[in-house]
Amino acid sequence: MVQRLSQYFHLKSYGTTWKVELMAGLTSFFTSAYIILVNPLILKDAGIPLSAGVIATIIASVFGCLLMALWVNAPIIVIPGMGVNAFFSYTMIQSIGLSPHQGLAVIIISGLLFYLVSITSYGYRILASVPDSLKHGITVGIGLFLTFIGLQKGGIIQSSETTIVALGNFGSPITLSTLIGLMVTMVLFVRNVKGSLLIGLFFTSILTLGITDKREIAANGLDFHAYSQVVASGDFSILQIPFWIAVFSMTMIVLFENMGLLSGMLPDTKKFPRAYKALAISTIFSGILGTSPTIASAESASGISAGGKTGIPALVTAILFALSVFALPLIQLIPGNAVAPVLIIIGALMMKSVIDIPFNDFSEGFPAFLIIVCIPLTSSIADGLAFGFIAYPLVKVAIGKSKHVSPLVYVIAVLFLLNIVASSVLLH
């Protein structure tokens, strides 16, 4: 059995072992497990019952991870995306006024459009047309985004009315435990200790136990009756203009955020077309299952950094997400700051791509720079990509090199510009 599985996942050809892949899977799960608690709280603001949001989040994550593990054989973790869930709840539902069921229908249609793009040659052509400078900028931008999230989760930085971001309270037990956890994790990592990221995560959790507040999810239990009112409940009000504006914006987000994440993290780029299809299918089922879209999560980088090269980390994560239904009280004990050291170190590893950006050529370096700074500063990978992709053809045209830009990049730039306009309409 083990031998067959080893052949199925091509462990030998990838030069990896079960021990490394399983450890990468554990790291990926514990880095991304926060979504079980956080996503339902955001969906609740859209009118989806908390318990139903938990069930939808878990099922959608299991489905997406299994698809990536068994069909694509890639160490990419698929969970509801942060940012896109906020767009769903606060823009589509609260600002524009769609009902939760209309919002879920928007996700299904966006997923179908995403799938149509992925099954044609356009999915791979989009990736092939993206200049290398922008691809490297995406990797660095995602790395900075993860670092920024880690610093926030760990209390090392905090919001400020005067300077936007300021140093956190270093007298706080949570911040101190994060700093100690970061030092321990860093020492383990530089000494090449196997499972250093996972060990660091557990070490920080133990340091922080008893400090954090418990959430309401586990205490209330899961209500499957409430979930039955959400699953397959999409309301296709296709005659409403706001509905189609939301469809356009959501499609742009899932198309290009997933493209950016895959191009920045996928170890084997030959798997991009199939991985892109898998994410499109997972998006469709997210709307059916009752949650905001699943995406290729940035936290996948934790398992990849731990040595994951095959679909086994995604398979392990899927299994653990399924088992989490019975272990919510235990998962709830993992404090948010425990993943901070892992995210900060991963961000540092992803920064190395910056050396491949030709900053001596301003027409290449400036658009990449915009992606790098705008992803973390807007807290949106899709918005960060928009700035870079719009700037790239503009700069090239300005210096008389318009023919050096792929026609597809011009199309993408126009679509991003239209998306900004559509988003402005939604918000006003």
Side-chain angles (χ1 to χ4, degrees), residues 31-32 34-35 38-39 42 64 76-91 107 110-111 114 117-118 123 126-127 130-131 133-153 248-266 272 275-276 279-280 282-283 286 292-302 304 343 346-347 349-351 353-354 357 367-392 409 412-413 415-417 419-420 422-423:
T31 307
S32 58
Y34 73 91
I35 203 68
V38 175
N39 191 56
I42 294 175
I76 301 296
I77 307 308
V78 183
I79 58 175
M82 294 297 294
V84 67
N85 54 6
F87 177 80
F88 173 79
S89 291
Y90 305 123
T91 301
I107 293 169
S110 297
F114 181 7
V117 171
S118 71
I126 288 172
L127 182 64
V130 177
S133 59
L134 297 189
K135 289 179 182 175
H136 293 304
I138 292 167
T139 302
V140 178
I142 293 172
L144 282 177
F145 188 31
L146 288 175
T147 300
F148 188 64
I149 293 171
L151 292 172
Q152 284 184 311
K153 283 182 175 290
F248 177 73
S249 295
M250 182 62 77
T251 303
M252 288 292 294
I253 292 171
V254 294
L255 267 177
F256 291 104
E257 184 152 351
N258 282 305
M259 185 207 73
L261 286 159
L262 287 180
S263 64
M265 296 186 301
L266 195 62
F272 178 87
Y276 211 46
L279 290 168
S282 185
T283 299
S286 295
S292 53
T294 50
I295 64 168
S297 74
E299 288 79 13
S300 303
S302 64
I304 295 169
L343 296 178
I346 292 167
L349 292 174
M350 296 179 77
M351 277 297 295
S353 288
V354 77
I357 301 173
F369 165 76
L370 286 178
I371 289 177
I372 291 170
V373 297
C374 289
I375 286 178
L377 293 181
T378 62
S379 296
S380 169
I381 293 169
D383 289 342
L385 293 178
F387 280 97
F389 273 90
I390 292 171
Y392 189 85
V409 173
I412 294 171
L415 288 173
F416 269 125
L417 190 59
N419 184 53
I420 291 173
S423 296

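Small disclaimer: the values here were computed from a predicted structure and weren't measured.
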Practice task
Verify, without hydrogens or angle tests, whether S89 (side chain) and A86 (backbone) share a donor-acceptor contact under 3.5 angstrom.
Solution key: no
Completion exercise
Heavy atoms of P376 and G141 approach each other most closely as CD-O, 4.0 Å
Exercise for the section: Might you work through the side-chain contact (heavy atoms from CB on, under 4.5 Å) test for I420 and I390, ending with a clear yes or no? Expected result: CA-CA 11 Å; I420 291 173; I390 292 171; 3.8 Å; yes
Handout entry: Heavy-atom side-chain proximity of I304 to I76 below 4.5 angstrom
Key = yes
Practice task
May I ask you to decide if the ring planes of F416 and F256 are parallel, tilted or perpendicular, using 30° and 60° as cut-offs?
Solution key: tilted
Problem - Validation row: L255, Y276 side chains within 4.5 angstrom (heavy atoms) - result: yes
Fill in the blank from the handout: For P80 and I35, the nearest pair of non-hydrogen atoms, with its separation, is O-CD1, 3.3 Å
Practice task
Would you mind reporting whether V84 and M250 have side-chain heavy atoms less than 4.5 Å apart?
Solution key: yes
Handout entry: Side-chain heavy atoms of E257 within contact of L261, under 4.5 Å
Key = yes
Completion exercise
Heavy-atom nearest pair, G264 first then T139, reads CA-OG1, 3.4 Å
Problem - T283 vs I107, side-chain contact (heavy atoms from CB on, under 4.5 Å): CA-CA, chis, key distance, verdict - result: CA-CA 7 Å; T283 299; I107 293 169; 4.3 Å; yes
Handout entry: Close side-chain approach of I295 to M82, heavy-atom, < 4.5 Å
Key = no
Exercise for the section: Could you tell me the separation between the CG atom of L343 and the OG atom of S302, rounded to the nearest 0.5 Å? Expected result: 7.5 Å
Exercise for the section: Please confirm whether the backbone N or O of V78 pairs with a side-chain atom of T294, one donor and one acceptor, at under 3.5 Å? Expected result: no
Exercise for the section: Side-chain contact test, heavy atoms from C-beta onward, threshold under 4.5 Å: evaluate it for Y90 versus I42 and give yes or no. Expected result: yes
Handout entry: Test log, rule side chain to side chain donor-acceptor pair (under 3.5 Å), inputs S297 and S32
Key = CA-CA 8 Å; S297 74; S32 58; 5.6 Å; no
Fill in the blank from the handout: When rounded to the nearest 0.5 Å, the distance separating CD1 of I372 from CZ of F145 is 15.0 Å
Exercise for the section: Look up atom CD1 in I79 and atom OG in S292, then write down how far apart they are to the nearest 0.5 Å. Expected result: 10.0 Å
Practice task
Would you indicate whether F369, at its atom CZ, is surrounded by more than 12 heavy atoms from other residues, nucleotides or ligands within a distance under 6.0 Å?
Solution key: no
Completion exercise
NZ (K153) and OH (Y34) are apart, to the nearest 0.5 Å, by 6.0 Å
Completion exercise
Output for pair (L415 CG, N419 CG), nearest 0.5 Å, gives 8.5 Å
Problem - Distance in Å, L385 CG paired with I371 CD1, rounded so as to fall on 0.5 Å steps - result: 5.5 Å
Problem - Heavy atoms from other residues, nucleotides or ligands near CZ of F387 exceed 12 (cutoff 6.0 Å) - result: no
Practice task
Indicate the atoms forming the closest heavy-atom contact of S133 with Y392, along with that distance.
Solution key: OG-CE1, 4.1 Å
Completion exercise
When every non-hydrogen atom of A368 is compared with those of I357, the smallest separation belongs to CB-CG2, 3.8 Å
Practice task
State, with a plain yes or no, whether a side-chain heavy atom of M259 is found less than 4.5 Å away from one of V130.
Solution key: yes
Handout entry: Any donor-acceptor pair under 3.5 Å from S300 side chain to I77 backbone
Key = yes
Problem - Backbone N/O of A296 and side chain of N258: donor-acceptor pair under 3.5 Å - result: yes
Problem - Any side-chain heavy-atom pair of M350 and L144 under 4.5 Å - result: no
Handout entry: Shortest non-hydrogen contact between I346 and A301, atoms and distance
Key = CG2-CB, 3.4 Å
